[in-house]
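Structure first, commentary second.
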Amino acid sequence: SVSFSSPVILSILVHFRYFLVGSNNAETKYRVLKIDRTEPKDLVIIDDRHVYTQQEVRELLGRLDLGNRTKMGQKGSSGLFRAVSAFGVVGFVRFLEGYYIVLITKRRKMADIGGHAIYKVEDTNMIYIPNDSVRVTHPDEARYLRIFQNVDLSSNFYFSYSYDLSHSLQYNLTVLRMPLEMLKSETTQNRQESFDIFEDEGLITQGGSGVFGICSEPYMKYVWNGELLDIIKNTVHRDWLLYIIHGFCGQSKLLIYGRPVYVTLIARRSSKFAGTRFLKRGANCEGDVANEVETEQILCDASVMSFTAGSYSSYVQVRGSVPLYWSQDISTMMPKPPITLDQADPFAHVAALHFDQMFQRFGSPIIILNLVKEREKRKHERILSEELVAAVTYLNQFLPPEHTIVYIPWDMAKYTKSKLCNVLDRLNVIAESVVKKTGFFVNRPDSYCSILRPDEKWNELGGCVIPTGRLQTGILRTNCVDCLDRTNTAQFMVGKCALAYQLYSLGLIDKPNLQFDTDAVRLFEELYEDHGDTLSLQYGGSQLVHRVKTYRKIAPWTQHSKDIMQTLSRYYSNAFSDADRQDSINLFLGVFHPTEGKPHLWELPTDFYLHHKNTMRLLPTRRSYTYWWTPEVIKHLPLPYDEVICAVNLKKLIVKKFHKYEEEIDIHNEFFRPYELSSFDDTFCLAMTSSARDFMPKTVGIDPSPFTVRKPDETGKSVLGNKSNREEAVLQRKTAASAPPPPSEEAVSSSSEDDSGTDREEEGSVSQRSTPVKMTDAGDSAKVTENVVQPMKELYGINLSDGLSEEDFSIYSRFVQLGQSQHKQDKNSQQPCSRCSDGVIKLTPISAFSQDNIYEVQPPRVDRKSTEIFQAHIQASQGIMQPLGKEDSSMYREYIRNRYL
């Protein structure tokens, strides 16, 4: 895997032009962009495509500084100065005046996949490019700027410098392992089209040894700043292009007896036909549906982080509105506006375009899980079910029988109201059948133990088996009316089923089954609830109303009042703020372009014609009513056409040659950052949610396995939904090292402040380096002591206020005597004395250390066998496996015989 877009640290230097200076992480390589500021409405960018060293870029900026000094006050003023530092360019946008540049000024690491960091945009900055002397003002510019900034870029936008977030892990790893011989002709062609004399500088001096990296074009459907980067896409080097996705990204650590396994959830929201709940329903004329989100769960063994040597698995599923022409009129001010079908589509033209896209990206089979109501007193949701059944039935009659669309209708609301039926049990049956048909992706072949003792469910698994592992073929498409509450619960159950197969494929569990009330499932459930809340806020304006606990019927009684508040919040957002949010999304995504002499965005009665291009002009060609698919896509099913090696897909790839020891392909330096000063408290892998710290019970004697079923009273605090406790605990760990020593008794007695125990806890979670320590009087000491002792009771299983038993006291006395005797022996060795030290003079060391005392420790000598074992362990992490000897084989046979025979 190769990092093509190095982390960009931008320094904008101001005069009649801007200079953008970008560097890699280690600040050893630089690129420079020059932006002209004398053009009032045009964007003029010059990229010399040269890679500078640190010394060269300093000399360049020094010459620019000298050349741009003002004639007056040359000694005191500089011709160049830094305007802002940032982490990437979101893009360039123009309304009615000149262009703006949008920069990422703050980021936060959210996940790590194979050593590639995924960041969340925390803050951005918009800078107007033209100089004030040439600026042509317009009265409506400020209003357009406010509408554009209403899209909060600090809310759930994600990017990565070296990992393509717009594609799935299966696509990325399939492309990276593509044989190089198939790319030679395309490589030559690409290099001739955009030749860079500095690209291969120094490769010959290295003896021709290099590493080839493959980069593909992003999948623009899930890129949200594609329109903002479109104007510079063909002008600047690709290292400047930073593509951003919108949705959700979360990562948690599952500890299996100390072995770290990262569970990552990535949701990509489609930028096509995007909008808010009641204003975007159904599909547009191109087959793009509203609220379309692709959710991918990635499982990786974190003990080996490399893509080439590590173990990775992923499963993808999709949610999206029903692919028909339908809408809901919100002018009636009803909580559930009536559903209306806007256009008659007897030949399922829109559904055909939509499913053709899915065949191309995911392969077959396509499975539709329709959760809308089937029986209603007043026909409402059933309208969509009837039309969808008719569309799928029509399309299936022309498809080959082995690739037909699978339609599963299931009225989830009806089963929820029934007291005799368990909703999640029924969903689990559906999930098992779905995962068996689609399979999942894993980058390693089946383990020997699964071949030796095959599981019945494992043998029935679908997908495509290849020499290097398994591929997922096909997709589950889940929908209800809003694709929020019911859809999220159904996706969680399918993801839980797929997670069991993923853990089994990596050799972490002995059977592909996971039960509720285990640490692993609780961790996964929390991830999915965060995922559902985030997507619900983006589309519906509130968090989830019905959660997994609601459908399990174990939610606390306080949850009902929260559900009512979320319903009211969703109704308020839909009625009063969704229209403004929709205008902002249309402007941000480039659906609407402000133009002089044409109506403004806020003057449009509707945005229907903006999203349906066939209303403005006739489409050049219409598809066949019977052969409604793309012929090339059908030929390669069940494999997705996007992952097939063909001429069309090869043109999307870019190949670059690197030095063997170049920093861009050094995963160790990219991940561990040896050139930066770092601390353990700031390390991402320690701060992320952990099953052992946040979910496993703290009582001594509990089975530490994350696959053990727990009782409700044995759960961690975070399971109850109180995330503030976990955040405070993380903050307390970070500030523990910097906390001042406890105050003396005089300071305590002289203090007259009266704080409650709650206030003391809140103060304890804030850094105490620069704030005075608040004292308590004697009246509050009992409360504080009680609060301190209680966590120790939970953590260690004993209460410190209780007296020691006689047995414990005798053990402790013996330990103290041993320490004192050893101390006396050391003194006697330095100053000989005839006096005996309590009868204990010679102590036999029982450890491998030559001297076992508190003053001197020498490391033990490592024997040859231990050294060989350690070297074999290091080689195994690099993918070099040692052949099994006779002793190993006999030991393994003995283990199998004793356990299973």
Evaluate the side chain to side chain contact (heavy atoms under 4.5 Å, CB included) criterion for residues N291 and L535: first the C-alpha distance (whole Å), next the side-chain angles of each, then the deciding distance (0.1 Å), finally the verdict.
CA-CA 9 Å; N291 195 22; L535 298 181; 5.7 Å; no
Could you check whether any side-chain heavy atom of I35 comes within less than 4.5 Å of a side-chain heavy atom of L20, counting everything from C-beta outward?
yes
Are K41 and E97 close enough for a salt bridge, meaning some N to O gap below 4.0 Å?
no
With respect to I147, which candidate in L601, D580, N586 satisfies the side chain to side chain contact (heavy atoms under 4.5 Å, CB included) definition?
L601
Please round to the nearest 0.5 Å and tell me the distance separating atom CD1 of I118 and atom CD1 of I245.
7.5 Å
Would you mind checking if R623 and D356 are paired as a salt bridge, meaning a charged N to carboxylate O distance below 4.0 Å?
yes
Between F398 and Y394, how do the two ring planes meet: parallel, tilted or perpendicular, split at 30° and 60°?
perpendicular
Partner of H354 under side-chain hydrogen bond (donor to acceptor under 3.5 Å, both in side chains), chosen from H349, R477, E286:
R477
Any Lys/Arg nitrogen of E292 or K272 sitting under 4.0 Å from an Asp/Glu carboxylate oxygen of the other?
no
Salt bridge check: are E294 and R361 linked by an N-O gap of less than 4.0 Å?
yes
With a 6.0 Å cut-off on ring centres, are Y625 and F347 close enough?
yes
Report the residue from H138, H600, R94 that forms a side-chain hydrogen bond (donor to acceptor under 3.5 Å, both in side chains) with Y144.
H600
Centres of the Y119 and F87 rings: under 6.0 Å?
no
Could you point out which residue of L279, T340, L341 forms a side chain to side chain contact (heavy atoms under 4.5 Å, CB included) with S327?
T340
Using 30° and 60° as the class boundaries, would you call the ring planes of Y528 and H531 parallel, tilted or perpendicular?
perpendicular
Only one of D47, D48, D239 passes salt bridge (charged side-chain N to carboxylate O under 4.0 Å, His left out) with R31, and that residue is D239
Could you tell me whether K280 and D288 make a salt bridge, using a distance below 4.0 angstrom between a side-chain N and a carboxylate O?
no
Going by an N to O cut-off under 4.0 Å, is there a salt bridge joining R108 and E122?
yes
Does either side chain, that of N370 or that of Y407, offer a donor lying less than 3.5 Å from an acceptor on the other one?
yes
Within the side chain of D345, is there an N or O that forms a donor-acceptor pair under 3.5 Å with the backbone of V350?
yes
Do the two ring centres, one from F95 and one from H593, sit under 6.0 Å apart?
no
Could you check whether any side-chain heavy atom of I634 comes within less than 4.5 Å of a side-chain heavy atom of Y641, counting everything from C-beta outward?
no
Please state whether the rings of Y161 and F159 are parallel, tilted or perpendicular, taking 30° and 60° as the class boundaries.
perpendicular
